[in-house]
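A quick write-up on the structure given underneath.
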2 protein chains.
Amino acid sequence: MSSQSETVYIVEDDASFRKSLQRLIRSLGFESVAFESANSFLQADICYPGCVLLDVKLPDIDGLIVQKLLTEKGCLLPVIFMTGHGDIPMSVSAMKEGAVDFLPKPFGEEDLLCAINTAIDRNISDVQLQNEKKESNALIETLTPREKEVLTWIITGKLNKQIACEIGTTEKTIKVHRSRVFQKTRVSSVAELVRLAEKVNISPAS
Amino acid sequence: MSSQSETVYIVEDDASFRKSLQRLIRSLGFESVAFESANSFLQADICYPGCVLLDVKLPDIDGLIVQKLLTEKGCLLPVIFMTGHGDIPMSVSAMKEGAVDFLPKPFGEEDLLCAINTAIDRNISDVQLQNEKKESNALIETLTPREKEVLTWIITGKLNKQIACEIGTTEKTIKVHRSRVFQKTRVSSVAELVRLAEKVNISPAS
DNA sequence: TGGCGTGTTGGCCTAAGGTCCAATAGACAA
DNA sequence: TTGTCTATTGGACCTTAGGCCAACACGCCA
């Protein structure tokens with residue numbers, strides 16, 4: 001899993017704490033990139049696998065808002081919150097939104113390491129899932145509308161003649177569409193097609 | 001969704017607060033059953049759909065432990081925690097373990113109602129998922145070992161002759177097994193079989 | 001207006017799946 | 001020991017699927 005370097009992004013306005021965090025994280029064997037504000041972090045290029053260690057209280061944007069912005073951007077970096085003056089509702093909101101952990105300052109090295117490992121594992125699997133989904137989507141997008149329609153019937157397990165009846169054409173036509181669907185999506189069986197369709201949330205026709 | 005009465009189980013040692021909670025919850029339109037200790041709750045029969053409103057600090061067992069016990073028991077009741085003197089690590093642990101919410105006392109009626117609705121919705125879908133899984137499992141369990149083996153190959157999309165080669169027998173034999181698999185699992189297509197197998201976490205052979 | 005992509009259809013042939021009937025062999029329990 | 005369950009195999013026959021070749025209609029763009 002560690003084929004690529006794992007990066008911990010740090011967003012923390014206190015310069016001395018930020019630097020000591022960065023030292024600590026590097027000593028734990030991770031790459032580390034630090035930001036002093038939410039905006040500078042949000043504009044930065046990020047690399048996977050990684051996670052973000054995010055202070056809740058930042059000078060420009062609230063940490064919980066940053067978390068939402070990341071999600072909206074489609075960024076898959078898992079968030080670990082840090083806070084000096086947090087409260088329970090804040091931590092609960094963060095966790096509901098999918099934060100990996102919410103660490104009150106000061107926190108122990110073990111807790112941090114544990115959270116980072118969890119976050120990076122999650123990121124690795126999220127990224128892989130997203131990539132698979134993208135690849136599957138690219139295949140599906142090569143289909144014509146009619147072929148997509150036939151696809152949704154194939155994955156219900158219907159026979160060609162039944163599909164023909166459903167969409168008002170002949171069995172021969174369905175055979176051709178079916179054949180094209182298999183070619184274009186590069187599968188060789190209905191079973192593979194079912195799994196491909198599930199990956200991109202295509203559900204069986206009526 | 002409200003075809004059956006929705007029950008909120010309350011576990012709270014403070015008698016007066018327990019009673020006022022029960023009144024409030026009934027006024028919100030839910031059934032309510034209250035307990036003054038974790039043990040009495042854990043021994044009770046529970047009905048779905050529902051959820052449990054659980055005090056973190058109880059005389060006999062800690063609320064967070066109760067949550068783990070419920071999970072281990074296979075109980076699907078979602079947990080909403082209440083606490084008078086909680087802290088952030090406590091709320092974070094609870095949320096990591098799947099709690100729906102973690103309400104510091106005193107909490108508002110709206111927050112409570114919102115948490116209960118979320119919890120019950122989750123319970124309804126969890127219960128439905130579990131039922132579907134049970135039904136699918138029951139079908140799969142009618143298969144002989146050999147038939148299960150053939151099943152794992154069918155859902156990879158392999159042809160009968162390929163399966164025969166894999167498990168060292170003839171195409172004819174696989175045809176018979178395949179036919180029995182379809183009969184016993186009551187599906188009529190590979191597509192349905194793939195979905196059935198996924199529900200019970202059977203993954204394709206090598 | 002001609003080419004291209006899409007959707008449609010036909011015939012023909014081979015391969016594969018599905019069903020019915022029949023039969024054998026080993027394991028395990030009544 | 002007999003009977004049942006499981007796994008195995010064969011033959012015959014029909015249905016489906018898939019590939020190859022050919023063709024036509026329609027809309028859109030250059």
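Every chain is numbered from 1 and lettered A, B, ... according to where its sequence line falls, protein lines coming before strand lines.
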A:Asp101/B:Lys96 salt bridge by N-O under 4.0 Å criterion: yes
Interatomic distance, A:Arg178 CZ vs D:dA17 P [rounded to whole Å]: 5 Å
Interatomic distance where CD belongs to A:Gln183 and P belongs to D:dG19 [whole Å]: 7 Å
Residue mapping more 5' on DNA chain D - nearest nucleotide basis, B:Thr142 or B:Thr173: B:Thr142
Whole angstrom value for the distance that separates P of C:dT6 from NZ of A:Lys184: 6 Å
Given D:dG18, C:dT8, C:dC20, the nucleotide with the shortest approach to the side chain of B:Lys172: C:dC20
B:Glu147 bridged to B:Lys184 by N-O distance under 4.0 Å: yes
Atom pair distance, as rounded to whole Å: CD1 in B:Ile154 and C1' in C:dG17: 11 Å
Whole-Å distance separating the CD atom of A:Glu149 from the P atom of C:dT6: 16 Å
For A:Leu76 against A:Asn123, the heavy-atom pair lying closest together: O-ND2, 3.1 Å
Whole-Å gap separating C1' (C:dG17) and CD (B:Glu171): 9 Å
Any B:Asn160 side-chain N or O less than 4.0 Å from OP1/OP2 of C:dG17: yes
A:Phe102 and A:Phe81 aromatic ring geometry - parallel, tilted or perpendicular at 30°/60° bounds: tilted
Rounded distance (Å) that lies between atom P of C:dG18 and atom CG of B:Leu159: 11 Å
Base C:dG7 to side chain A:Lys148, donor-acceptor N/O within 3.5 Å cut-off: no
Residue B:Thr144, side-chain atoms from C-beta onward, closest of D:dA12, D:dA7, D:dT8: D:dA7
Short side-chain N/O contact to D:dT16 OP1/OP2 from A:Lys175, under 4.0 Å: no
A:Thr170, nearest nucleotide to its side chain (from C:dG17, C:dG10, D:dG10): C:dG10
Length of the line joining A:Gln162:CD and D:dT16:C1', which is rounded to integer Å: 11 Å
side-chain N/O A:Ser179 vs D:dG18 OP1/OP2, d < 4.0 Å: no
Base-pairing string, 5' to 3', of DNA chain D - Watson-Crick or wobble, under 3.5 Å, | interstrand: ||||||||||||||||||||||||||||||
Donor + acceptor pair across side chains of A:Ser188, A:Glu192 (<3.5 Å): yes
Aromatic ring pairing A:Phe17/A:Phe107, orientation class (parallel under 30°, perpendicular over 60°, tilted between): perpendicular
Results of side-chain hydrogen bond (donor to acceptor under 3.5 Å, both in side chains) for A:Lys148 - residues two or more places apart only: A:Glu141
Under-4.0 Å side-chain N/O to phosphate OP1/OP2 contact, A:His177 with C:dG7: no
